[in-house]
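Here the structure is a predicted model, which means the values were calculated and not measured. Naming convention: chains lettered A, B, ... in sequence-line order (proteins, then strands); numbering from 1 in each chain.
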Amino acid sequence: MTASPARLRVAPSPTGDPHVGTAYMSLFNLAYARATGGQFVLRIEDTDRARYVASSEQQIYDTLHWLGLDWSEGPDIGGPYAPYRQSERLDTYRPFVDQLLEAGHAYYCWCSTERLAELRAEQQASKAAVTGYDRLCLGKTREERAQLPGFSETPVVRMLIPDDVELSFTDVIRGEVSAPRPDDQVILKADGFPTYHLAVVVDDHLMGITHVVRGEEWISSTPKHLLLYRWLGWAEPAFAHMPLLRNTDKSKISKRKNPAARLTWFVEQGYLPEALRNFLQLLAYPPVVEGEDVASFEEFVAAFDWAKVNTTGPIFDLAKLNALNGHYIRALSADELGDRVVEFAVREGQWTQPSEHDDALLRKAVPLVQERLVLLSEAVPKLAYLFTPDAELEIDPDALAKTGPDAAAVVAAATTALAGLGEWNHEAIQAALREALVEGLGIKPKFAFGPVRLAVTGSNVSPPLFESMELLGRESSLARMAKLAARL
RNA sequence: GGCCCGUUCGUCUAGCGGUUAGGACACCGCCCUCUCAAGGCGGAGAUCACGGGUUCGAAUCCCGUACGGGCUACCA
């Protein structure tokens with residue numbers, strides 16, 4: 001029942017911010033590699049010079065590492081099949097192109113992009129049943145083709161798709177699937193770079209990839225790849241086409257429509273990598289234990305099964321991610337959460353040049369908000385009142401307006417009680433305030449502490465009041481009450 | 001237009017011929033409570049896209065239709 005060690009890869013293109021789909025594919029690739037005791041490889045597919053973004057490659061490394069999805073071979077760390085960057089493998093592809101050319105499986109095409117565009121426009125306008133390249137260049141020499149219009153000096157190489165091309169294949173997730181009949185696909189571009197179709201097949205074969213796991217959008221290209229494997233005399237890998245992540249409007253998830261399509265967005269928002277990983281694990285895949293969304297990657301791996309992957313594209317809805325993020329935040333130790341909050345706040349500019357005192361205060365205050373956070377980004381704003389000078393603390397006008405007739409008396413009584421308090425800690429503060437307000441003034445706890453909270457935090461909603469006062473100290477707490485008293 | 005892939009509560013999902021169609025998140029209520037949370041308990045929410053078959057019996061199998069998505073590039 002145990003499968004033999006599998007080699008899988010993820011092959012993102014450095015064309016901008018890393019895509020969330022890359023993380024999703026990586027997660028499933030890595031899981032299966034782990035489940036079988038195999039390897040997970042990272043390959044950079046930078047064959048599109050026009051869309052290439054230099055900074056993107058490093059971002060791919062960073063975000064994938066942030067998620068804990070580590071590879072054992074890749075452009076950054078090398079490996080037995082290096083190089084792992086397609087732009088550095090141009091010499092590798094060329095001989096196979098020549099081989100296909102000689103065997104008659106491929107041919108040169110000198111058609112200009114303009115001619116191709118016109119051809120496509122015509123086909124679309126005439127609603128032709130058959131679309132694709134018209135094979136004008138097939139069987140022609142350069143000289144013969146040059147006589148005809150729409151000629152370009154630099155040719156591309158196209159596959160000659162046979163009439164009897166096999167259109168169905170077995171997918172690890174979907175079983176038997178069929179795909180559209182391919183066009184005479186370009187495999188070598190005019191600039192000498194291979195297209196994805198050639199490069200992916202050559203690299204996957206040469207790198208010993210056993211399972212090609214990719215998005216559903218590649219189903220229609222698979223017959224081309226299968227043809228290439230056959231022509232080159234190579235054994236084909238297993239294919240697993242994952243469903244596409246979708247926007248709320250059900251379209252394929254895109255950076256344009258959905259900020260969450262960018263992996264860096266999660267880092268910027270204050271999501272925990274373990275929460276995102278857990279969330280991704282739940283998309284198109286049932287929980288490891290029914291009814292229990294929370295599961296570690298190890299548990300996921302131990303129960304991993306391609307047959308459990310759904311074929312329906314899940315909508316990427318943040319509500320559950322938020323719930324998971326809150327869960328993982330609460331699961332952290334106070335120290336660990338303190339580290340993460342500080343790291344986040346400094347990195348995202350919420351916290352500039354903290355003094356030693358402020359740093360220590362923030363770490364002491366973080367436990368007060370731990371079970372109140374959904375995102376790391378909420379910590380500093382929620383605790384801002386602790387770092388605001390007493391004189392500058394703003395009182396929420398709405399809360400002030402809603403203040404009851406007892407407010408002045410409450411603040412006065414609280415001030416008296418706290419001024420003479422011996423020990424300054426939250427237990428003592430609470431006891432003193434209860435005695436003075438609840439018992440002394442006969443006000444229900446629910447209402448008694450409202451004015452004090454407003455004075456100390458500036459709001460009627462805040463982290464725990466007594467603990468906050470302990471951290472602020474007596475002097476500051478009393479100053480804030482005096483300030484509110486003046487406005488009541 | 002053509003060819004493919006898909007369709008169970010708002011969302012993520014369980015289900016693989018016989019279930020009161022289960023759970024999670026979100027939502028609502030109650031409890032707890034110094035506010036807000038967290039936690040506990042409970043509730044509402046799915047004629048299983050629709051129409052035909054097959055079958056004693058269908059969310060589950062088959063065929064249509066509708067709807068959604070993908071591909072149809074010298075992009076991946």
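- Residue contacts for F279(A): at a heavy-atom cut-off of 4.0 Å it reaches no nucleic acid atom on any strand shown.
- Atoms CG (N322(A)) and P (A37(B)) sit 15 Å apart, rounded to a whole Å.
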| said: Please determine whether side-chain contact (heavy atoms from CB on, under 4.5 Å) holds for the pair L67(A) and R277(A), giving the CA-CA distance in whole Å, both sets of side-chain angles, and the decisive distance to 0.1 Å. | reply: CA-CA 7 Å; L67(A) 275 166; R277(A) 184 227 84 228; 4.2 Å; yes
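- Rounded to a whole Å, the CD atom of E216(A) is 9 Å from the P atom of G70(B).
- If you check A59(B) for Watson-Crick or wobble pairing at under 3.5 angstrom, you find it has no partner at all.
- As rounded to whole Å, 15 Å separates atom P of U72(B) from atom CG of D184(A).
- Side-chain N/O atoms of N310(A) include one lying less than 4.0 angstrom from OP1 or OP2 on A14(B).
- Per the geometry, NZ belonging to K320(A) stands 13 Å off P belonging to U11(B), to the nearest Å.
- In this entry the distance linking CG of D48(A) with P of A73(B) reads 15 Å, nearest Å.
- A residue-by-residue look at K252(A) and P463(A) shows that P463(A) has its nearest nucleotide of RNA chain B further toward the 5' end.
- OP1 or OP2 of U7(B) sits under 4.0 Å from a side-chain N or O of T312(A).
- The shortest distance between the side-chain N/O atoms of T47(A) and the OP1/OP2 oxygens of A76(B) is below 4.0 Å.
- Taking the ring centre of Y108(A) as origin, the terminal cationic atom of R158(A) falls outside the region bounded by 6.0 Å and 45° from the ring axis.
- Toward the 5′ end of RNA chain B lies the nearest nucleotide of F449(A), the other residue of the pair S221(A) and F449(A) mapping further downstream.
- Spacing between atom CD of E290(A) and atom C1' of G15(B) amounts to 9 Å, rounded to whole angstrom units.
- G51(B) and C56(B) have their P atoms separated by 22 Å, with the value rounded to a whole Å.
- Here C4(B) is the nucleotide among A73(B), C4(B), A76(B) with the atom lying nearest to any side-chain atom of P180(A).
- Pair assignment for A46(B): none, as no Watson-Crick or G-U wobble contacts are both less than 3.5 Å.
- Within 3.5 Å, no donor on the side chain of R246(A) pairs with an acceptor on the base of U11(B), nor the reverse.
- Base pairing annotation: A21(B) forms no Watson-Crick or G-U wobble pair, as no partner gives both donor-acceptor distances under 3.5 Å.
- Contacts of P182(A) with the nucleic acid, taken as non-hydrogen atoms under 4.0 Å apart, are absent.
- The side chain of S178(A) lies closest to C4(B) when the candidates are C4(B), C12(B), C34(B).
- Of the C1' atoms belonging to U11(B) and C27(B), the separation is 12 Å, rounded to the nearest Å.
- A190(A) comes within 4.0 angstrom of a nucleotide base, judged by non-hydrogen atoms across all strands.
- Checking C74(B), C12(B), C34(B) against every side-chain atom of L116(A), the shortest atom distance belongs to C74(B).
- The side chain of L465(A) lies closest to C34(B), out of C5(B), C34(B), A26(B).
- Within the 4.0 Å cut-off from OP1 or OP2 of C74(B), at least one side-chain nitrogen or oxygen of R158(A) is found.
- If you check U33(B) for Watson-Crick or wobble pairing at under 3.5 angstrom, you find it has no partner at all.
- Exactly one residue among T63(A), D46(A), L263(A), T22(A) makes a side chain to side chain contact (heavy atoms under 4.5 Å, CB included) with P12(A). That residue is T22(A).
- Separating the C1' atom of U54(B) from that of G70(B) is a span of 32 Å, rounded to the nearest Å.
- For a distance-only test at 3.5 Å, the side chain of Q123(A) fails to qualify as a donor-acceptor partner of the base of G1(B).
- Heavy atoms of V186(A) sit under 4.0 angstrom from primed sugar atoms or phosphate atoms, though from no base atom.
- Between U11(B) and T248(A), no contact under 4.0 Å exists linking OP1 or OP2 to a side-chain N or O.
- If you take atom P in A14(B) and the same atom in A49(B), they sit 15 Å apart, rounded to whole Å.
- Looking at R372(A), its side chain comes within 3.5 Å of the base of C36(B) through a donor and an acceptor atom.
- Remark: the separation of the C1' atoms in C71(B) and C12(B) is 27 Å, to the nearest Å.
- Within the 4.0 Å cut-off from OP1 or OP2 of G39(B), at least one side-chain nitrogen or oxygen of R330(A) is found.
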| field | Intermediate values then yes/no, salt bridge (Lys or Arg N to Asp or Glu O under 4.0 Å), E122(A) and R115(A) | value | CA-CA 11 Å; E122(A) 277 170 30; R115(A) 172 170 196 276; over 6 Å; no
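- Residue K250(A) places no side-chain N or O under 4.0 Å from the OP1 or OP2 atom of G70(B).
- Of the listed nucleotides (C74(B), A38(B), C34(B)), A38(B) has the atom at the smallest distance from the side chain of E371(A).
- Of the listed residues (S468(A), S459(A), S462(A)), just one forms a side chain to side chain donor-acceptor pair (under 3.5 Å) with Y385(A), and that residue is S468(A).
- Rounded to a whole Å, the NZ atom of K224(A) is 12 Å from the C1' atom of C3(B).
- For A46(B) and A59(B), the C1' atoms lie 11 Å apart once the distance is rounded to whole Å.
- Taking the six-membered ring where the residue is Trp, the centroids of F300(A) and Y285(A) are separated by under 6.0 Å.
- Across all strands shown, G2(B) is found opposite C71(B) as a Watson-Crick or G-U wobble partner, with both distances under 3.5 Å.
- To the nearest whole angstrom, the two P atoms, one in C50(B) and one in U60(B), are 10 Å apart.
- For Y271(A) and F279(A), the distance between ring centers is not under 6.0 angstrom.
- As a whole-Å value, the separation of Y133(A) OH from G2(B) P is 25 Å.
- Here the side chain of R174(A) is nearest to one of G70(B), C34(B), C5(B), namely C5(B).
- U65(B) and U7(B) have their C1' atoms separated by 13 Å, with the value rounded to a whole Å.
- Among the nucleotides C74(B), C34(B), C12(B), the one closest to any side-chain atom of L283(A) is C12(B).
- OP1 or OP2 of C34(B) has not a single side-chain nitrogen or oxygen of K444(A) nearer than 4.0 Å.
- Here the SG-OH distance, from C111(A) to Y133(A), works out to 3.0 Å after rounding to the nearest 0.5 Å.
- Residue L418(A) comes nearest to A432(A) through the heavy atom pair CD2-CB, 4.5 Å, listed as atom of the first residue, atom of the second, then distance.
- Nucleic acid contact class of I315(A) (heavy atoms, under 4.0 Å, all strands): sugar-phosphate only.
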